[in-house]
Amino acid sequence: MDTPPWSPDRYLTAYRFAAEAHRGQTVPGTDGLPYLMHLSLVCMEVMSALAVEPGDDPDLAIQCALLHDVIEDTDVTHEQVLASFGRAVADGVQALSKDPGLPKAERMADSLARIQAQPRAVWLVKLADRITNLAPPPASWSADKRARYRDEAGRILAALGGASAYLSARMQARIEAYAAHLAQL
Ligand code: NI
């Protein structure tokens, strides 16, 4: 019997860990849908890329996708991720987390540099995260903030797009749709 390219058991363990860590959190702008939806969509983008462009470590990519916000957005620490999932996953998730000790304007560039030092499986997660988040912005955002978000997406694509032609094309299309939406406002 063929085995799948990634481990269903590792997926289940990471999904369960993320579900508990993000319990009660919701996706901004969705009127209360569970945060797990964001994690599932990011993981789906990553799995799509792995299906069409095999070669990166699928278990590392999938676990990092499901866990990518646990350090930044919950009480979970790097040490806890390390104890449950090992060094590669813990370091990947840490790189995907902005450093709250830095000035806000420096956090994205710092995180991108740390992601670039990780295996490309981790790069896929950041691309997938921004593809998932590039929806029409909330009405409460200022024109300045909307434009900054678009420019930031361009910087992510420039820094990490080399990891996946498939995700790069999806991200480029999302950036163009976002820009077209802003032009209509
Ligand atoms: Ni995210």
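When a ligand or atom number is given, it counts from 1 through the structure's own listing order. Here the structure is a predicted model, which is why all the values come from computation and not from measurement.
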(message) For Tyr35 and His38, I'd like to know if the aromatic rings sit close, meaning centre-to-centre distance below 6.0 Å.
(response) yes
(message) What protein N/O/S atoms are there under 2.8 Å from the Ni ion (ligand 1), waters excluded?
(response) His38 NE2, His68 NE2, Asp69 OD2, Asp129 OD1
(message) Tell me which pairs pass ring-ring contact (aromatic ring centres under 6.0 Å, His included) where either residue lies in residues 91-141, with sequence neighbours left out.
(response) Trp141-Tyr149
(request) Provide the full list of side-chain hydrogen bond (donor to acceptor under 3.5 Å, both in side chains) pairs with a residue in residues 151-165, sequence neighbours left out, each pair given once. (result) Glu53-Ser164, Arg130-Glu152
(request) Please confirm whether the backbone N or O of Leu102 pairs with a side-chain atom of Glu106, one donor and one acceptor, at under 3.5 Å? (result) no
(request) Quick one: which residue pairs count as a ring-ring contact (aromatic ring centres under 6.0 Å, His included) with a foot in residues 79-107, not counting sequence neighbours? (result) Phe17-Phe85
(message) Within the 4.5 Å heavy-atom criterion, are Asp69 and Thr74 side-chain neighbours or not?
(response) no
